[in-house]
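All remarks here apply to the structure that follows.
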Amino acid sequence: MLLPSTQAGRGRAVVLLHARPTDRTMWNAHLPLLAEAGARAIALDLPGHGDATVPDRREVAPWSDVLDTLDHLGADRFVLAGNSLGALVALQAAVTAPERVDGLALVGYRPHDQPASPRLDATWEAERTALAAGDLDAAVKAGVEAWTSTGATEEVRTHAARMLHRQLTEQRTHGEPPQATDPLGTGPAVLRALRGVPALVCVGEHDMPDFHEGGESLARDLGAGRITVIPDAGHLAPLEQPAAFCALLLDFVRRLPQQSSPAHG
């Protein structure tokens with residue numbers, strides 16, 4: 001499946017992968033910032049999100065779709081930057097094709113086998129209850145409150161609500177597509193094999209404890225050093241703090257070894 005994309009700029013490819021309740025428009029503010037800094041920014045919709053509709057409930061392998069799409073776009077090597085679900089897919093793509101990945105920038109990661117905190121459980125229950133009652137607006141409200149910080153601007157909250165409403169509508173219409181076998185497997189062994197890939201692991205200051213814990217564990221497994229906390233942000237930290245996130249990302253990218261072959265663009 002070739003994924004819908006939005007691009008800006010020329011230079012080293014930086015691929016932006018969105019969080020679960022959002023779509024590629026969460027990167028609208030980042031594309032021009034990265035392009036102005038000399039990067040080729042590529043934002044993708046993951047299967048079942050945004051414009052990447054999966055109507056027939058076929059099995060999906062988002063990591064393979066990302067790699068196939070980047071082939072189609074002529075991006076042989078790239079940096080993968082992902083938030084939440086996007087961080088997971090970035091890791092899955094990296095273990096599938098490590099030779100193509102120059103670096104990983106991962107925000108708000110939590111392994112699926114990590115026990116959920118009471119706060120995260122309450123978030124999931126509020127969404128399930130609202131959807132079971134057919135109250136899409138209540139489900140969206142619960143999601144916005146859970147995934148953004150109390151200091152988020154009205155613009156950010158409105159954008160998050162719009163993306164979440166679209167995602168939940170898609171989910172109700174077509175269901176969750178079944179997932180192919182996760183290439184990460186279980187346990188940290190596969191992640192530790194990525195220690196040769198430079199990595200930046202971040203979390204929003206006000207995100208749930210699950211993602212602070214998950215990020216710290218991921219940073220240890222990847223040998224990435226200390227986790228970076230993005231101030232004044234919740235789970236959707238890049239959406240709330242685009243300038244701060246782009247500054248971190250660009251600093252990380254500039255420290256990477258130069259590519260051995262010219263970047264497509």
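Each residue takes its place number in the sequence, starting with 1.
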- Name all pairs fulfilling the side chain to side chain donor-acceptor pair (under 3.5 Å) condition that reach into residues 24-36, sequence neighbours left out, sorted by first residue then second. Thr6-Arg24, Asp23-Thr25, Arg24-Asp45, Arg24-Asp51, Thr25-His159

- Got a sec, which residues hit ring pair (Phe, Tyr, Trp, His ring centres under 6.0 Å) with Trp63, two or more places apart in sequence or on another chain? none

- Task: Please identify each residue that fulfils side-chain contact (heavy atoms from CB on, under 4.5 Å) with Ala37, with sequence neighbours left out.
- Result: Leu250, Arg254

- Message: Which residues pass the side-chain hydrogen bond (donor to acceptor under 3.5 Å, both in side chains) test with Arg58, not counting sequence neighbours?
- Response: none

- Transitive ILVMFWY cluster of Val144 at side-chain heavy atoms under 4.5 Å: who else is in it? Leu131, Leu136, Val140, Leu164, Leu168

- Item | Any residue meeting salt bridge (charged side-chain N to carboxylate O under 4.0 Å, His left out) with Asp113, in chain and number order, not counting sequence neighbours | none

- Item | For Phe78, all residues meeting ring pair (Phe, Tyr, Trp, His ring centres under 6.0 Å), sequence neighbours excluded | none

- Message: Under the rule for side-chain contact (heavy atoms from CB on, under 4.5 Å), what residues qualify as partners of Ser117, not counting sequence neighbours?
- Response: Arg119, Leu120, Pro209, Asp210

- Message: Applying salt bridge (charged side-chain N to carboxylate O under 4.0 Å, His left out), can you list everything that pairs with Asp221, at least two apart in sequence or on another chain?
- Response: Arg192

- Hits for side-chain hydrogen bond (donor to acceptor under 3.5 Å, both in side chains) against Thr53, two or more places apart or cross-chain, chain-then-number order -> none

- Message: Going by side-chain contact (heavy atoms from CB on, under 4.5 Å), name the residues that satisfy it together with Thr173, two or more places apart in sequence or in a different chain.
- Response: Thr169

- Message: Does anything in residues 130-151 form a salt bridge (Lys or Arg N to Asp or Glu O under 4.0 Å)? List the pairs, not counting sequence neighbours.
- Response: none

